Visitor: 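Structure incoming, see below.
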Amino acid sequence: MIREANASDYDAMDNVFRVSAKAFCSRSYACQVIASWAGEPWPDRFLKSKESGDEQYVFTLEGKVVCFGSVNLGSHKLVSLFVSPEHSGKSIGQSMLEFLVARAESSGIPALKLDSSLNAVSFYERHGFTEIGRSMYRTKNGVEMESVQMEQKLCP
Ligand SMILES: CC(C)(COP(=O)(O)OP(=O)(O)OC[C@H]1O[C@@H](n2cnc3c(N)ncnc32)[C@H](O)[C@@H]1OP(=O)(O)O)[C@@H](O)C(=O)NCCC(=O)NCCS
């Protein structure tokens with residue numbers, strides 16, 4: 001089930017982020033880049049994200065957080081989507097993506113944008129997003145990662 005995240009989920013969300021980034025993004029980025037981005041626990045990233053206006057949601061199975069996603073309706077952006085590797089390939093990422101797109105659509109915004117890591121570009125393409133640009137994302141430790149800007153037009 002998908003529900004709104006709360007502060008008591010932040011440790012579990014941080015864990016999903018770090019194992020997912022290591023498992024999936026290691027195919028597209030060097031080890032040092034992944035270590036800088038996801039090497040250390042940092043659950044407060046979600047407090048900062050909440051304070052910046054991100055809506056945060058978790059997908060739980062038997063009470064355990066296996067995926068999280070967030071959307072910022074003010075900036076028209078899907079901010080994050082991560083699935084635990086042990087639960088990938090079971091349509092959980094797709095369900096969360098559809099939930100976030102529906103949330104954006106119901107808010108009346110004309111398009112939803114996102115910055116995708118290289119490994120997830122074809123996942124988003126399969127679900128209606130198109131590439132609109134490329135740029136470098138700087139991690140909190142100053143390491144740069146290539147990211148792909150994507151967009152999906154919405155029909156509010
Ligand atoms: C990308 C990610 C969210 C997919 O989640 P998932 O739960 O494993 O994917 P699903 O089971 O919902 O897959 C749905 C469909 O997309 C396809 N798909 C999944 N990951 C894909 C990928 N990386 N590239 C292309 N297609 C992909 C599946 O084959 C499936 O297709 P089907 O409906 O024809 O069977 C997950 O792999 C992940 O968390 N990756 C690491 C984090 C990340 O890169 N997030 C994006 C950064 S913004």
Side-chain angles (χ1 to χ4, degrees), residues 2 4-5 7 9-59 65-101 103-104 109-154:
I2 294 177
E4 202 162 342
D9 295 313
Y10 289 171
D11 282 334
M13 290 161 67
D14 190 55
N15 188 51
V16 168
F17 165 68
R18 294 175 58 236
V19 292
S20 177
K22 277 178 203 157
F24 297 114
C25 306
S26 300
R27 299 171 194 159
S28 306
Y29 299 94
C31 306
Q32 313 89 283
V33 173
I34 300 291
S36 165
W37 184 42
E40 298 295 323
W42 185 29
D44 280 356
R45 74 179 84 236
F46 299 105
L47 188 58
K48 287 182 71 169
S49 122
K50 174 101 178 162
E51 287 169 355
S52 69
D54 297 348
E55 289 185 8
Q56 303 167 328
Y57 298 94
V58 289
F59 191 118
V65 174
V66 298
C67 161
F68 69 89
S70 58
V71 63
N72 190 306
L73 300 176
S75 59
H76 301 187
K77 275 190 101 166
L78 189 156
V79 179
S80 59
L81 171 58
F82 287 85
V83 177
S84 163
E86 61 186 301
H87 296 284
S88 77
K90 298 178 186 164
S91 301
I92 291 175
Q94 179 173 329
S95 301
M96 180 61 87
L97 181 60
E98 287 169 355
F99 177 89
L100 296 173
V101 170
R103 179 71 195 98
I109 63 177
L112 188 61
K113 299 180 190 220
L114 59 85
D115 290 327
S116 175
S117 45
L118 298 174
N119 51 286
V121 171
S122 50
F123 169 78
Y124 288 121
E125 282 174 343
R126 290 174 74 124
H127 295 94
F129 285 82
T130 51
E131 179 173 341
I132 53 171
R134 290 198 175 219
S135 67
M136 299 305 281
Y137 166 77
R138 186 178 287 267
T139 69
K140 109 173 166 24
N141 299 329
V143 171
E144 295 208 313
M145 302 178 67
E146 187 177 0
S147 73
V148 179
Q149 283 72 61
M150 306 187 79
E151 182 180 69
Q152 179 173 165
K153 304 274 185 229
L154 302 177

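Since the model is a prediction, treat every value here as computed from it, not as a measurement.
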Visitor: Can you tell me if Arg18 uses its side chain to pair, donor with acceptor, with the backbone of Ala38 under 3.5 Å?
Guide: yes

Visitor: For Asp54 and Ser49, what are the C-alpha separation, side-chain angles and deciding distance, and is it a side chain to side chain donor-acceptor pair (under 3.5 Å)?
Guide: CA-CA 6 Å; Asp54 297 348; Ser49 122; 3.1 Å; yes

Visitor: Under 3.5 Å, is there a donor-acceptor pair between the side chain of Asn72 and the main chain of Ser52?
Guide: yes

Visitor: With a 3.5 Å distance limit and no angle check, can you tell me whether Arg45 reaches the backbone of Trp42 through a side-chain donor-acceptor pair?
Guide: yes

Visitor: Between Ser36 (side chain only) and Gln32 (backbone N and O only), is there a donor and an acceptor less than 3.5 Å apart?
Guide: no

Visitor: Measure the CG-CG distance between Leu114 and Leu97 for me, rounded to the nearest 0.5 Å.
Guide: 8.0 Å

Visitor: Any chance CD of Glu40 has more than 12 other-residue heavy atoms, nucleotides or ligands included, within less than 6.0 Å?
Guide: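 Result for CD/Glu40: open.
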
Visitor: Does a side-chain heavy-atom distance below 4.5 Å link Glu55 with Leu73?
Guide: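 The answer is yes, as the side chains (C-beta and beyond) meet within the 4.5 Å cut-off.
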
Visitor: Let's go through Val101 and Leu112 carefully: what are the C-alpha distance in whole Å and the side-chain angles of both, what is the deciding distance for side chain to side chain contact (heavy atoms under 4.5 Å, CB included) to 0.1 Å, and is it a yes or a no?
Guide: CA-CA 7 Å; Val101 170; Leu112 188 61; 4.0 Å; yes

Visitor: At what distance, to the nearest 0.5 angstrom, does CD of Gln152 lie from CZ of Phe129?
Guide: 4.5 Å

Visitor: Determine whether Glu146 and Arg134 make a side-chain contact, defined as any pair of heavy atoms from C-beta on separated by less than 4.5 Å.
Guide: yes

Visitor: Compare all side-chain heavy atoms of Ile2 with those of Val58 and state whether any distance is below 4.5 angstrom.
Guide: no

Visitor: Rounded to the nearest 0.5 Å, how far apart are CE of Met96 and SG of Cys67?
Guide: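 Reported to 0.5 Å precision, the distance equals 4.0 Å.
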
Visitor: If you define the side chain from C-beta out and look only at heavy atoms, does anything of Val66 sit under 4.5 Å from Lys90?
Guide: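 Side-chain contact under 4.5 Å: no.
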
Visitor: With a 4.5 Å limit on heavy-atom distance, are the side chains of Phe123 and Leu81 in contact?
Guide: yes

Visitor: At what distance, to the nearest 0.5 angstrom, does CD1 of Ile34 lie from SG of Cys25?
Guide: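 The distance works out to 5.0 Å.
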
Visitor: When you measure from the side chain of Ser20 to the backbone N and O of Val83, does any donor-acceptor pair fall under 3.5 Å?
Guide: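 Side chain of Ser20 to backbone of Val83: a pair is present.
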
Visitor: Show your reasoning for whether side chain to side chain contact (heavy atoms under 4.5 Å, CB included) applies to Glu131 and Gln149.
Guide: CA-CA 6 Å; Glu131 179 173 341; Gln149 283 72 61; over 6 Å; no

Visitor: Please report the shortest heavy-atom distance between Ile132 and Glu151, naming the atom on each side.
Guide: CD1-CB, 3.9 Å

Visitor: Hey, mind stepping through Lys48 and Asp44 against side chain to side chain contact (heavy atoms under 4.5 Å, CB included) and telling me if it holds?
Guide: CA-CA 6 Å; Lys48 287 182 71 169; Asp44 280 356; 5.6 Å; no

Visitor: Run the side chain to side chain contact (heavy atoms under 4.5 Å, CB included) test on Ser117 and Phe24 for me, step by step, so that the C-alpha distance in whole Å, both residues' side-chain angles and the decisive distance to 0.1 Å come before the verdict.
Guide: CA-CA 10 Å; Ser117 45; Phe24 297 114; over 6 Å; no

Visitor: Rounded to the nearest 0.5 Å, how far apart are NZ of Lys77 and CG of Leu100?
Guide: 14.0 Å

Visitor: Hey, are the side chains of Phe59 and Val65 touching, using non-hydrogen atoms and a 4.5 Å cut-off?
Guide: no

Visitor: Do Asp115 and Tyr137 have side chains that get closer than 4.5 Å, going by heavy atoms?
Guide: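 Side chain of Asp115 against side chain of Tyr137, heavy atoms only: no contact under 4.5 Å found.
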
Visitor: Got a second to check how far Ser70's OG is from Arg103's CZ, nearest 0.5 Å?
Guide: 13.0 Å

Visitor: Taking the six-membered ring for Trp, are Phe68 and Phe46 closer than 6.0 Å centroid to centroid?
Guide: yes

Visitor: Mark yes when over 12 heavy atoms from residues, nucleotides or ligands other than Lys113 sit less than 6.0 Å from its NZ; otherwise mark no.
Guide: no

Visitor: Parallel, tilted or perpendicular: which one describes the rings of Phe17 and Trp37, with boundaries at 30° and 60°?
Guide: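 Plane angle over 60°, so perpendicular.
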
Visitor: Are the side chains of Met136 and Met145 in contact, using a 4.5 Å heavy-atom criterion?
Guide: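 Answer no - side chains too far apart.
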
